[in-house]
Amino acid sequence: SAGVLSIFVLVYHFLLRRLTFFNANRWFLLAGIAASILFPLIEITQTVYVEQPEQMVYLPQQLATPMAMVLEQPPVEATPFNYGMLAIYLYLAITLFFLGKMMVELSSLRSLIRSGNKKIEGKFVFVSLSRKLTPFSFFNYICYSENDQQSPELDLIIDHEKVHAREWHSIDLLVSHLFRAVFWINPLVWLLKRQIGENLEFIADSKAKIQNTSGISYERTLLS
């Protein structure tokens, strides 16, 4: 699994990351997750023919007396501590920790969205929040601070978040979080999660920039 994942992560990092085929890169990275999970499950069988050994003849041996059997019994050894099971339990405990942390974050996000004022426009649900934060999206919910004045700059950022919502980028992020929670021991999993998030931003930037007709520099707006 780690070997297959390393191929996808390294190919993206050294060959695909600076190319502008962002949508293709999105499916490439998701394919890396699928391949690293499914490929180890494939069984490759190989039939080996071995010559039949010559038939052996066993001669009966003299039966030992009960006293001799008692004397010849090996001493009972203490059962050694199973470090393998301890490692498995430790691994599962850390996995459950990451899964629990993810559920807490999703619950906090749900509470945050419910606390805001909602306005439905087409497929999107705009949520204005009282706290100061950077605009973000989760599925078709687009959240922003009510303290931000409606301006062309804010509209550009909202267009950026609309791309995330329209193309269901939240699914990619949830999949990468689950994958990291289960395979956390592999350092490449953490890098893959960052690559997925980075590429999704590239997708949203490229499409929001094309839609920009305000005459305001999209790059300068992002920087500010």
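Below, all heavy atoms of this structure are taken into account, side chains as well, without hydrogens, waters or symmetry copies. Nothing fancy with the numbering, it's 1 onward along the sequence.
- Applying the side chain to side chain donor-acceptor pair (under 3.5 Å) criterion to Q195, with sequence neighbours excluded, gives no partner residue.
- Smallest separation of non-hydrogen atoms from L5 and G32: CD1-O, 4.0 Å.
- Between the CZ atom in F183 and the CG atom in L178 there is a gap of 11.0 Å [rounded to 0.5 Å].
- Within the structure, every pair that satisfies the side chain to side chain donor-acceptor pair (under 3.5 Å) test and touches residues 22-45, not counting sequence neighbours, is listed here: R26-D172.
- Under the rule for a side chain to side chain contact (heavy atoms under 4.5 Å, CB included), the partners of S206 that lie at least two apart in sequence or sit in another chain are F22.
- Within the structure, salt bridge (Lys or Arg N to Asp or Glu O under 4.0 Å) contacts touching residues 188-200 (residues at least two apart or in different chains) are R17-E198.
- If you chain together hydrophobic residues whose side chains sit under 4.5 Å apart, L200 and F21 fall into the same group.
- Of all non-hydrogen atoms in G116 and L129, the two that sit nearest each other are CA-CD2, 3.6 Å.
- By the 4.5 Å heavy-atom criterion applied to side chains, I157 and Y144 are not counted as neighbours.
- In this structure, F28 is not a member of the same hydrophobic cluster as F14, with clusters built from ILVMFWY side-chain heavy atoms closer than 4.5 Å.
- Between the CG atom of L133 and the OG atom of S145 there is a distance of 5.5 Å, given to the nearest 0.5 Å.
- Applying the salt bridge (Lys or Arg N to Asp or Glu O under 4.0 Å) test to residues at least two apart or on different chains, the pairs with a partner in residues 121-137 are K119-E121, K132-D148.
- For A165 against S137, the heavy-atom pair with the smallest separation is N-OG, 4.3 Å.
- Looking at S176 and L192, their side chains never come closer than 4.5 Å, going by heavy atoms from C-beta outward.
- Taking the side chain as every heavy atom from C-beta outward, L16 and N199 never approach each other to under 4.5 Å.
- Every residue meeting the ring pair (Phe, Tyr, Trp, His ring centres under 6.0 Å) condition with Y91, not counting sequence neighbours, appears here in chain and number order: W184.
- In terms of hydrophobic clustering, with Ile, Leu, Val, Met, Phe, Trp and Tyr side chains grouped at heavy-atom distances under 4.5 Å, L90 and M85 are assigned to different clusters.
- Checked against ring pair (Phe, Tyr, Trp, His ring centres under 6.0 Å), H164 has the following partners two or more places apart in sequence or in another chain: H160, H169.
- Residues satisfying the salt bridge (Lys or Arg N to Asp or Glu O under 4.0 Å) criterion with K118, sequence neighbours excluded, are absent altogether.
- Taking every heavy atom of both residues into account, P40 and A35 meet most closely at CD-O, 3.9 Å.
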Side chain to side chain contact (heavy atoms under 4.5 Å, CB included) between L174 and F139, worked out: CA-CA 11 Å; L174 288 175; F139 287 95; 3.8 Å; yes
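- Under the side chain to side chain contact (heavy atoms under 4.5 Å, CB included) criterion, R166 pairs with F124, K162, V163, Q211, sequence neighbours left out.
- Interatomic distance, L10 CG to L15 CG, rounded to the nearest 0.5 Å: 9.5 Å.
- Not counting sequence neighbours, the partners of Y83 by the ring pair (Phe, Tyr, Trp, His ring centres under 6.0 Å) test are F81.
- Between I113 and C143, the closest heavy-atom pair is CG1-SG, 4.0 Å.
- Summarising the local packing, CD1 of I44 is surrounded by 12 or fewer heavy atoms from other residues, nucleotides or ligands at distances under 6.0 Å.
- Note that CG of L30 and CZ of F8 are 10.5 Å apart. Values are rounded to the nearest 0.5 Å.
- The CZ atom of F126 sits 10.0 Å away from the CG atom of N140 when rounded to the nearest 0.5 Å.
- Within a 6.0 Å sphere centred on CD1 of I120, heavy atoms belonging to other residues, nucleotides or ligands number 12 at most.
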Side-chain donor-acceptor pairs under 3.5 Å in residues 100-109, sequence neighbours left out?
from	atom 1	to	atom 2	distance (Å)
K101	NZ	E105	OE2	2.6
S108	OG	V104	O	3.0

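- Of all the heavy atoms in L188 and A2, the pair that sits closest is CD1-O, 4.3 Å.
- Scanning for ring pair (Phe, Tyr, Trp, His ring centres under 6.0 Å) contacts around Y141 gives an empty result, with sequence neighbours left out.
- Between the side chain of H13 and the backbone N or O of V9 there is no donor-acceptor pair closer than 3.5 Å.
- Linking Ile, Leu, Val, Met, Phe, Trp and Tyr residues whenever their side-chain heavy atoms come within less than 4.5 Å places L191 and I37 in a single cluster.
- To the nearest 0.5 Å, atom CG of residue L99 and atom CZ of residue R180 are 10.0 Å apart.
- Looking only at distances, no side-chain donor or acceptor of E161 sits under 3.5 Å from a matching main-chain atom of I142.
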Before giving the answer on side chain to side chain contact (heavy atoms under 4.5 Å, CB included), spell out for I158 and L154 the whole-Å C-alpha distance, their side-chain angles and the decisive distance to 0.1 Å. CA-CA 6 Å; I158 296 299; L154 179 61; 4.2 Å; yes
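- A single hydrophobic cluster is not seen to contain both L92 and V182; linkage of ILVMFWY side chains at heavy-atom distances under 4.5 Å, directly or through other members, places them apart.
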